[in-house]
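This report refers to the structure that appears directly beneath it.
Below, chain A is the first sequence line, B the second, and so on; all start at residue 1. Bear in mind the structure is a predicted one, so any value in this text is a computation, not a measurement. Note that these values count all heavy atoms, side chains included, but never hydrogens, waters or copies made by symmetry.
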Protein chains: 2
Amino acid sequence: MSSVTIKQLAEQLQLSTATISKALGDSYEISESTKKRVLALAKELNYIPNAYAGSLRHNKSKTIGVLVPEVTDSFFSLALNGIEEVALEKGYHTLIYLTHEKLSREEAILKALVGGRVDGVIMSVTVETDSFGHIHEFNRHLPVVFFDRVCPEIDTAKITTDDFECGYKATQHLIEAGCHKIVLLSISNSLSIISERTKGFKKAIAEYNLNEDDCRIVNCTEDPQHNYELIKEMMQSDNRPDGILATVEKLTTEIYLACQHLNINIPGQVKVVCFSNQPSAIILTPSLTTITQPAFEMGKVAATTLLKLLKNNTLRLKDECTVIPSKLIIRNSTTGQVNDTII
Amino acid sequence: MSSVTIKQLAEQLQLSTATISKALGDSYEISESTKKRVLALAKELNYIPNAYAGSLRHNKSKTIGVLVPEVTDSFFSLALNGIEEVALEKGYHTLIYLTHEKLSREEAILKALVGGRVDGVIMSVTVETDSFGHIHEFNRHLPVVFFDRVCPEIDTAKITTDDFECGYKATQHLIEAGCHKIVLLSISNSLSIISERTKGFKKAIAEYNLNEDDCRIVNCTEDPQHNYELIKEMMQSDNRPDGILATVEKLTTEIYLACQHLNINIPGQVKVVCFSNQPSAIILTPSLTTITQPAFEMGKVAATTLLKLLKNNTLRLKDECTVIPSKLIIRNSTTGQVNDTII
DNA sequence: ATTTTTTACTTAAACGGTTAAGTAAATATA
DNA sequence: TATATTTACTTAACCGTTTAAGTAAAAAAT
């Protein structure tokens, strides 16, 4: 059952455990011949060092924790991909925790992680995270790197994308495509990314002198069915929008469904832009204009930043903020011919 | 930096570390008054036990390892979701490793995990996994639960879906919808799920007396661009199929794109079924007929099974196989009106 | 009043490694 | 030849926690 230990190697070779340990660590204190014997036996018996013994001694776990709201979202799964790639390359292990957008989970997980299980954390906060005492408390013990959904109140590394500019560019694109009544579909009032995107949205509305009452913000929830009803209602109202800017990927399905069921043509009657990393955007009918975030890259940079700190803890994490731009990918949901999308 | 230890509690209360440890464990050996004092101080100083010290002592890590080919796939992200849910509920931690379909990664990861870092592993093998010595070796030390992509040669718990039946049902559905030349798009010759689905496919072909030369198997790769070319070529060949059964989700994009670009109507000229958990299946044009696997449920059962064993290691894992049926969800890509999908 | 049992602790070993300090023998230096 | 240095080890302490074994004092039983 249990694997080979240093003690067993020591006994077989009639050496002390210290000698074995140093031989395996290629120490100058050990003769070449002994090193060879140790390495050979270690290989033969398939010796694997116990991860926790070393961790306990060095107070280092070679493990990072990743807290994300969910993983069934292209952005987060791509980011996780990037994080895991860097971690594996640098010999780190990745503990994953899904908060399911619950602040209480986030709090409980961070509290548990102070116990030495991880050397640091990479996280994207929940939609509910409007207080941050738990993160601050965690950060007193261990380093935190935020990515995407950051906590402005915590002074640490933040890997983000240009949400403000993208909110602006997406709105500008809708306006220039002829929209006058643009609705921004939000999912939170506190989330950093949403508030940045919203600011960009508002700036464009103001700059182009659109009627601010027509260009409102509608709050969606975690419940797809509810969102569907909400969008359907919105699209049946007197003041129906002619442009939709959806701030999260998962709203795409409900927007397309509602328009299909109400027989509203995209882009003829309403033009749609989504913040999305879904590969299927290109095969939707009409193909979906997206703001596509550099998810994989953001994950890689977040992990690289954290691991850089763990290697050299004189680094000031607060100076390690990176902004990687997203791309506006224009497709038919904002520019397509109306005939393209008869349903 | 470092957190509070039992030693510090002991010193402050003028007690031994043993007393503190037992008080925290609510041992009968400790008086109620002492327990109260210990608990109070522990709470005040926010004592969190060091995870690895306990792990080292008990040779248990309260951690499970999850090996999946990738996480940017609805099936695996949903399954991970299910695994993490059960793990968190039972106080376990989840280490995630992405093999990226590389056997060498799978081997390296399993080897590293023998070092006590995990108490067991839940895995879905890579497309390259045609030997299994590494899994067998790992399994000598620690329990393994397979889900979805299993290794038939290893005697342990396997959580699967009814791939054979689904291969059959999907093919039958295509045949009954009028297809005579059905192509199965495969990604591997060794993968358990693919071979089961293929068997079901062949059974239906034989039962309905379709021409076996027209109903061939085409091998796709990990490269989307290559798959696109392959599908395009196939759809331009003399013997163009009138039905496609795609065994993995990610092929959807290339099928739809190729048909769009070649101006081939789905379902008019070719009907399509995909094994897929993508939520966007419903908003594609035409909406996509899918075999949808119980991904979340499979993840939950896999985790529950592993944790059941870890609690009671007299359990025989090989007796803990579960098959959870998938669903054929019929949509317009096989039954829709041709007019629905003019592009 | 004496012995036994119970209570409420402490001591020390253990988990599997690492490492500072110690040491005997071999080699180099004066 | 006597002393200093280097080589190649070993011993023992330590990381933070658990737990078997030991113990003194209090309570119960005889």
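Between A:His58 atom NE2 and C:dG17 atom C1' there is a gap of 9 Å when expressed in whole angstrom units. Atom NZ of A:Lys7 and atom C1' of D:dA12 are 13 Å apart (whole Å). Taking atom CG of A:Asn59 as the reference point, atom P of C:dT19 lies 13 Å away to the nearest angstrom. The interatomic distance linking B:Ile6 (CD1) with C:dT10 (P) rounds to 13 Å, in whole Å. Regarding B:Ile20, its CD1 atom lies at a distance of 8 Å from the P atom of C:dT10, rounded to whole Å. Between B:Arg117 atom CZ and C:dG17 atom C1' there is a gap of 14 Å when expressed in whole angstrom units. Summarising the geometry, the separation between CG on B:Leu56 and P on D:dT19 is reported as 13 Å, rounded to the nearest angstrom. A:Tyr52 has its OH atom 26 Å from the P atom of D:dC14, to the nearest Å.
Checking the phosphate oxygens (OP1, OP2) of D:dT19, no side-chain nitrogen or oxygen of B:Tyr28 falls inside 4.0 Å.
When each of B:Ile48 and B:Lys22 is assigned the nucleotide of DNA chain D with its nearest heavy atom, B:Ile48 is the one assigned upstream, toward the 5' end. Nearest-nucleotide mapping onto DNA chain D: of B:Ala18 and B:Ala53, the residue sitting toward the 5' end is B:Ala53. Toward the 5' end of DNA chain C, the nearer of the two residues B:Ile30 and B:Arg57, judged by each one's closest nucleotide, is B:Ile30.
Between the side chains of B:Glu106 and B:His134, at least one donor-acceptor pair of N or O atoms lies under 3.5 Å.
The local environment of CD in B:Glu11 is sparse, with at most 12 non-hydrogen atoms from other residues, nucleotides or ligands closer than 6.0 Å.
In summary, A:Lys35 and A:Glu32 engage in a salt bridge, as defined by a charged side-chain N under 4.0 Å from a carboxylate O.
Using a 4.0 Å heavy-atom cutoff across all strands shown, A:Thr5 reaches sugar-phosphate atoms only and no base atom. Contact annotation for A:Leu15: backbone-only contact, meaning every heavy-atom pair under 4.0 Å involves sugar-phosphate atoms and none involves a base. Among the heavy atoms of the strands lying under 4.0 Å from B:Ser31 are primed sugar atoms or P, OP1, OP2 only; no base atom is included. Within the nucleic acid shown, B:Thr34 comes within 4.0 Å of sugar-phosphate atoms alone, with no base atom in reach, counting heavy atoms only.
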Checklist entry - Hey, mind stepping through A:Glu320 and A:Lys158 against salt bridge (charged side-chain N to carboxylate O under 4.0 Å, His left out) and telling me if it holds? => result CA-CA 7 Å; A:Glu320 297 290 322; A:Lys158 288 157 195 166; over 6 Å; no
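Distance from the side chain of B:Ser21 is smallest for D:dT19 among the nucleotides D:dT19, C:dT19, C:dA21.
Judged by distance alone, with hydrogens and angles left aside, the side-chain atoms of A:Tyr97 form no donor-acceptor pair with the main-chain N or O of A:Ile109 at under 3.5 Å.
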